[in-house]
Amino acid sequence: MLSGEFIAFIALALAAIMGGVLLLNLTKVVHMVVAIVFTFVSIAGIYVLLSAEFLAAVQILIYSGAITIIMLFGIMLTKHNDESEAKGIGWRKVFMFLGVLAFGAAVYIGIYDLDFASEPSELHVKNTEQIGLALYSDYIIPFELTSVVLLVALVGAIILARKDDGGKGEDKK
Amino acid sequence: MIQDLLYSSPSLANFGIFFLLATVFLFVILGFVTYAILAERKVMGFMQLRHGPNQVGGRWGLLQTVADVLKLLLKEDTIPKLADRPLFILAPAIAFAPAFMVVATIPFTDSLQFADIGVGLLYYIAVSGLTTIGIVTGSWASNNKYSLLGGMRAAAQMISYEIPLVMSVLGIILLSGSLNLNEIVEAQKDGWFIILQPIAFIVFLIASVAELNRAPFDLPEAESELVAGFHVEYSGFRWAFFMLAEYVYFFAMASLITVLFLGGWLPLPFLGFIPGAVWFALKFSVVVFLLIWFRVTFPRVRADQLMEFGWKVLLPVALANIFLTALLKELLNAF
């Protein structure tokens, strides 16, 4: 039972969950961002264990840039020693705890007996190629639509951030 | 030998062997870094009509870097009072660990490679991006305006130049049909990619110098503007870790350029009797020399020029290269 894969999974899962818990409990923005880094990198490690190496590399590639940006926003939009104080009243915390318990139970029941009809398990062979083939043949329209949506978001962000040449920029909120 | 090990079943003995190999490799890289710094100072000295280090360790200054490292290790380890202590300590480790992780995937010869990853090229680019997080973290934790500015510049530079870097290698991936570095080298049997993909080579070279934060793109640590950039507040071995990360990337990037564009361990025609490791070392040294040459020759660009160049020149050129490569490949296949 105690195979190398199991040990690696436990270590990665612990790191991922610890990163998540720290993210919720730390009080400084930049600390939280560093906590997310651990979560995301551990999740990429779990992808490697599932032999989805392409997904793992992309996960790190995308999120290392994204996290750096989040961190910059955190730095630029908050004061250096700004801390978020814990708020919440007693009964609210109890309800939250109950909610978390219910969610945990629901997920546990859902996942524990989950049985994917065992598909042909050749998924890990050349998975980069398989992802590419699937994306560009079966799912070409959703894929292209996604890129259009992203482009729209990009243009929208530029328009929102652009200063008006004529105006003073004070009418912007 | 390593290939057999990689495919053997896991056991404690294997773990020990890998641990030992990794340690040996770490020391090899430390040795490289020691002499890369010396080589850089000597080459810079000669190009600027000076001698460079020539006192410690004979007339070639062979022990100069060793003495420097010793000095760094003996230095007082200062942490500013108002710095964010845990992150200040963590940042050099975050910056260094990916630097050592990426070299695992580089094939030095056809039998000497530590991890034969299917998406090796993507792995390299992805993991190397993590270092920037360490740099930004350290720059913020120092609680110093100069270091924060340096960190901001590092982040902006990484984001802008990673895109042309990835785009330029897409041409190679199109031609070789693989992300695996071994297969990319094998695909160069008929012609190195520097000949088949000259535009990609130039874009990649420029973008990789920017990713390495070396002159002319060394804005995160521009001495004349930012004192010392993101590591102003660091001293002693923590500072050494940042420098070490930088030079390990230097090693890794020179190896990657060798593998991607110069055919890795493949020999020139009619010279196949020279072993692959020698070829790799030769090509690698040429790339290292080229990068040092860049540093001595070019003046530092301004921050806005850097952004403009990345987005308005390199990215369109890289995209055009992909288009051209795909077109040529299809045309050649058609006939």
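Chain identifiers are assigned alphabetically (A, B, ...) following the order of the sequence lines, protein sequences preceding nucleic acid strands; residue numbering begins at 1 within each chain.
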With only heavy atoms counted, which part of [X] is less than 4.5 Å from chain A, the side chain, the backbone, both or neither?
| X | result |
| --- | --- |
| B:Ile125 | both |
| B:Ile135 | neither |
| B:Leu130 | both |

Could you look at A:Val41 and say if it's the side chain, the backbone, both or neither that has a heavy atom under 4.5 Å from chain B?
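Just the side chain, heavy atoms under 4.5 Å.
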
Quick check on [X]: does its [atom1] atom have over 12 non-hydrogen neighbours (other residues, nucleotides or ligands) under 6.0 Å away?
| X | atom1 | value |
| --- | --- | --- |
| A:Ile141 | CD1 | no |
| B:Phe96 | CZ | yes |
| A:Phe38 | CZ | no |

Out of B:Leu179, B:Thr132, B:Ile133, return the one with the most heavy atom pairs under 4.5 angstrom to chain A.
B:Ile133

Can you find a heavy atom in the side chain of B:Thr137 that is under 4.5 Å from one in the side chain of A:Val33?
no

Quick one: closest heavy-atom pair of B:Ala126 and A:Ile60, and the distance?
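Nearest pair, atom of B:Ala126 first, then A:Ile60: O-CG2, 3.5 Å.
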
